[in-house]
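We name chains A, B, ... by the order of the sequence lines, and we start the count at 1 in each one. Being a predicted model, the structure only gives us computed values, none of them experimental.
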2 protein chains.
Amino acid sequence: MNFIRKITNSSPAEDEEFIMAIKKILGYRPKKINFYKEAFTHSSLKRTNEKGRPLNYERLEFLGDAILGAVIANYLFKKIPSGNEGYLTQMRSKIVSREHLNELGKDLDLKRFVESSISNNNFGDNIHGNLFEALIGAIHSDRGYSFTEKFIYRFVIEPYVDIERLEGKITSYKSVLIEWSQKNKKKIRYHVYEDTGNDTLKHFSVKLSVDQDIISKGRATSKKKAEEIASKRAYYKLKPQIET
Amino acid sequence: MNFIRKITNSSPAEDEEFIMAIKKILGYRPKKINFYKEAFTHSSLKRTNEKGRPLNYERLEFLGDAILGAVIANYLFKKIPSGNEGYLTQMRSKIVSREHLNELGKDLDLKRFVESSISNNNFGDNIHGNLFEALIGAIHSDRGYSFTEKFIYRFVIEPYVDIERLEGKITSYKSVLIEWSQKNKKKIRYHVYEDTGNDTLKHFSVKLSVDQDIISKGRATSKKKAEEIASKRAYYKLKPQIET
């Protein structure tokens with residue numbers, strides 16, 4: 001679905017379509033829809049509000065970043081009573097790393113909402129994390145701290161934050177998956193193919209299947225990296241099974 | 001009042017004294033008193049909890065720092081609708097600067113609560129800001145986000161955050177005070193004296209009086225600096241009168 005040019009100057013029907021798409025992510029209907037529109041407005045549009053200040057997602061990104069930092073700090077503070085301040089700081093850096101936030105934004109496919117004047121919305125990778133933070137800022141402005149905290153638990157902490165992983169106890173997701181498949185008589189297969197597309201660097205894509213089902217995909221500049229990315233994604237999908 | 005060695009291994013009467021002192025700051029009785037005790041335990045004691053992890057204020061300081069950052073970000077986001085992300089970031093840096101936090105901790109005289117094994121509790125200046133952040137962490141752990149937000153409004157934002165000042169519109173508090181005194185026929189006097197004390201560097205102290213009353217004090221390595229510190233403190237005390 002492509003919302004480009006639908007967010008502003010939008011008809012009521014287009015607004016409703018946008019609201020429903022946001023609702024699908026949040027699990028409830030957003031109230032102050034303008035914050036969400038702002039969260040997906042790129043600075044390239046050079047849009048301003050009635051007072052002349054730039055209207056784009058960057059202010060909400062600033063807010064979302066701060067709220068995310070606080071929620072994660074509080075989570076770690078409670079979750080790791082044995083960790084000193086240096087350790088908590090380090091864990092938080094891993095959770096809110098640019099790389100991780102980009103992954104979160106990509107998983108929600110937030111880029112489909114962006115309005116910009118850049119051709120093909122070709123922004124570079126950080127757009128995903130920026131939009132994710134801006135979305136957090138919008139939720140906070142719309143619904144306040146506790147709603148936002150719940151969102152962060154649901155989308156950041158529960159699916160992704162695995163203290164053992166952050167502590168480095170898992171170094172290869174591929175090995176974890178293979179070990180699990182052998183124990184549980186599952187057939188794991190990595191289907192790797194060259195997929196350079198429009199990139200200047202050579203790229204590889206991987207489809208990871210368990211028994212007959214494709215569970216996850218990965219794409220990177222080496223076969224090994226692409227396999228590890230796909231393995232990590234599969235790990236989180238299969239986590240309830242892997243851990244029992 | 002000196003609480004040293006009273007916080008841990010304390011009698012119920014000593015606990016009550018500590019609780020009442022905290023209550024006097026917060027305006028309500030703290031519930032989970034152990035968080036406040038931890039907030040004033042210095043690492044030099046090398047104290048550990050039953051599981052062997054270091055027990056000192058640093059974890060709470062980590063938490064408090066994050067909560068403070070979020071509350072200030074949200075305040076600025078709402079307060080300065082015309083400010084872009086870079087501007088909000090810059091304003092926040094000023095508010096949560098080490099120097100400013102030290103001032104806040106000093107004003108509450110938080111150091112009187114500290115338990116340490118350092119002779120004369122001679123910690124250096126950052127102790128004030130660290131304790132202030134740890135206190136914020138304790139309040140959050142005791143009472144949650146909204147209570148903490150209110151505390152930060154009352155102790156950081158309302159008395160100290162003056163967007164005009166942060167924007168650099170006030171460069172000398174002394175000039176502002178003198179201008180105000182001339183307009184209002186007040187007699188301002190700076191009583192400066194050498195006050196090097198135990199320091200190796202020469203220091204000066206200033207008492208600032210308005211008419212006959214001493215309004216504030218300042219101490220620094222130059223007369224000019226000490227006067228400016230005292231002026232700034234006086235400015236915030238007199239702010240309601242100065243602004244009307």
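Shortest non-hydrogen contact noted between A:A70 and B:A70 is CB-CB, 3.7 Å.
Heavy-atom contacts from other residues, nucleotides or ligands closer than 6.0 Å to CD of A:E179 number 12 or fewer.
When the candidates A:T89, A:N84, A:L68 are compared by the number of heavy-atom contacts under 4.5 Å with chain B, A:T89 comes out ahead. Of the residues considered (A:E61, A:R59, A:R92), A:R59 shows the highest number of contacts with chain B, using heavy-atom pairs under 4.5 Å. Among A:V71, A:D65, A:I72, A:L60, the residue with the largest count of heavy-atom pairs under 4.5 Å with chain B is A:L60. For the options B:A73, B:S82, B:P81, heavy-atom pairs under 4.5 Å to chain A are most numerous at B:P81. Across B:G69, B:P54, B:G83, the residue that shares the most heavy-atom pairs under 4.5 angstrom with chain A is B:G83.
Taken from CZ in B:F77 to CG in A:L63, the straight-line distance is 5.5 Å, to the nearest 0.5 Å. Taking CD of B:E85 as the start and CG of A:N56 as the end, the distance is 9.0 Å to the nearest 0.5 Å.
The contact between A:Y145 and chain B is made entirely by side chain atoms (from C-beta outward), counting heavy-atom distances below 4.5 Å. Heavy atoms closer than 4.5 Å to chain A are found nowhere in B:T48, neither backbone nor side chain. Using a 4.5 Å cut-off between heavy atoms, A:S146 does not touch chain B at all.
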